[in-house]
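Let me begin by handing over the structure; questions about it come next.
Counting convention: from 1, in listed order, for ligands and their atoms alike.
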Amino acid sequence: MTPPFVYPAAPHARRHGPRGYADYPSYRPWLRDEFTFRCVYCLLRERWVLGGLHIDHFSPVALHPELETTYDNLLYACASCNAAKRDLELPDPTSALLADSIRVLADGTVEATTPAAARIVQLLGLNTPKYREYRLLWIEIVALAGSHDPDLYRRVMGFPDDLPDLSALHPPGGNARPDGVTASHFERKKAGTLPETY
Ligand SMILES: [Zn+2]
């Protein structure tokens with residue numbers, strides 16, 4: 001059984017490189033797959049909310065309008081984290097929020113052990129009562145499901161049912177990292193190599 005809040009072990013290297021869409025929401029299927037259907041800041045999963053997550057501009061559009069539709073400037077984030085981030089410039093969460101720099105304790109609190117992780121926690125309010133209660137709720141649901149209800153465990157910790165078929169998409173400016181499509185969650189599910197939960 002995997003606990004619901006474990007940050008990645010290593011910095012994220014982009015797997016996809018779509019280019020040329022005129023509007024940033026068109027990058028959504030790529031970002032969903034890229035960031036494993038969860039918020040890069042707090043790890044909230046798509047399966048836990050209705051309506052999917054938001055698209056966050058790492059360098060805010062207000063300060064860097066030229067990066068509005070640049071894929072490598074886009075992150076996948078939940079509504080709360082995206083709203084808290086606003087036009088702030090933060091350390092890059094894909095390299096600052098790692099298993100050895102931030103961990104979630106059994107009571108739902110996050111503990112950051114590097115200045116960059118601590119800065120993100122502080123600026124986004126990741127230790128406010130709202131976030132602590134949300135984490136505690138999911139920690140307890142997942143633990144209960146893991147010990148008593150395997151089907152529920154698969155539903156709360158599984159991948160979404162609607163995995164994006166990236167091979168069917170044709171970004172207007174091409175794809176700088178085409179190998180990522182072959183390794184996408186959709187293709188892995190088709191090949192039978194995608195685990196049931198993550
Ligand atoms: Zn979040």
Side-chain angles (χ1 to χ4, degrees), residues 2-12 14-16 24-25 27-62 67-68 71-143 145 155-160 162-164 185 197-198:
T2 313
F5 300 104
V6 178
Y7 283 86
H12 182 79
R14 292 262 172 177
R15 293 183 292 112
H16 302 306
Y24 72 83
Y27 290 99
R28 170 176 294 277
W30 300 94
L31 292 164
R32 292 180 65 216
D33 190 85
E34 181 87 52
F35 294 109
T36 325
F37 315 98
R38 59 187 180 184
C39 174
V40 295
Y41 298 105
C42 75
L43 303 181
L44 176 140
R45 295 171 179 228
E46 277 189 18
R47 287 200 78 113
W48 302 348
V49 291
L50 289 171
L53 307 190
H54 290 205
I55 295 173
D56 173 47
H57 289 86
F58 172 62
S59 291
V61 175
L67 296 178
E68 183 175 359
Y71 183 71
D72 285 7
N73 188 45
L74 303 178
L75 297 169
Y76 201 47
C78 75
S80 290
C81 290
N82 191 39
K85 173 154 175 297
R86 294 168 289 139
D87 292 337
L88 297 171
E89 289 189 285
L90 301 181
D92 183 350
T94 69
S95 57
L97 300 181
L98 301 177
D100 63 2
S101 61
I102 181 168
R103 65 192 183 107
V104 174
L105 308 181
D107 68 355
T109 308
V110 286
E111 187 179 71
T113 54
T114 62
R119 185 167 157 76
I120 294 174
V121 169
Q122 192 234 325
L123 289 174
L124 294 187
L126 295 183
N127 257 336
T128 55
K130 178 181 81 165
Y131 273 96
R132 285 206 306 270
E133 170 57 18
Y134 132 75
R135 280 189 290 260
L136 191 54
L137 180 69
W138 283 106
I139 288 169
E140 294 185 353
I141 290 171
V142 168
R155 282 155 58 208
V156 292
M157 293 296 281
F159 291 93
D162 62 333
L163 297 174
H185 295 87
T197 59
Y198 70 109

Determine how many protein N/O/S atoms sit closer than 2.8 Å to the Zn ion (ligand 1), leaving waters out since they are not shown. 4
Would you call Asp56 and Lys85 a salt bridge, taking side-chain N to carboxylate O under 4.0 Å as the test? yes
Does His12 have any ring-ring contact (aromatic ring centres under 6.0 Å, His included) partners at least two apart in sequence or in another chain, and if so, which? Phe35
Side chain to side chain donor-acceptor pair (under 3.5 Å) partners for Arg32, two or more places apart: Glu46, Asp162
To the closest 0.5 Å, what do you measure between OH (Tyr134) and SG (Cys78)? 6.0 Å
Would you please name every residue forming a side chain to side chain donor-acceptor pair (under 3.5 Å) with Glu111, sequence neighbours left out? Arg103
Less than 4.0 Å between a side-chain N and a carboxylate O, is that true for Arg15 and Asp33? yes
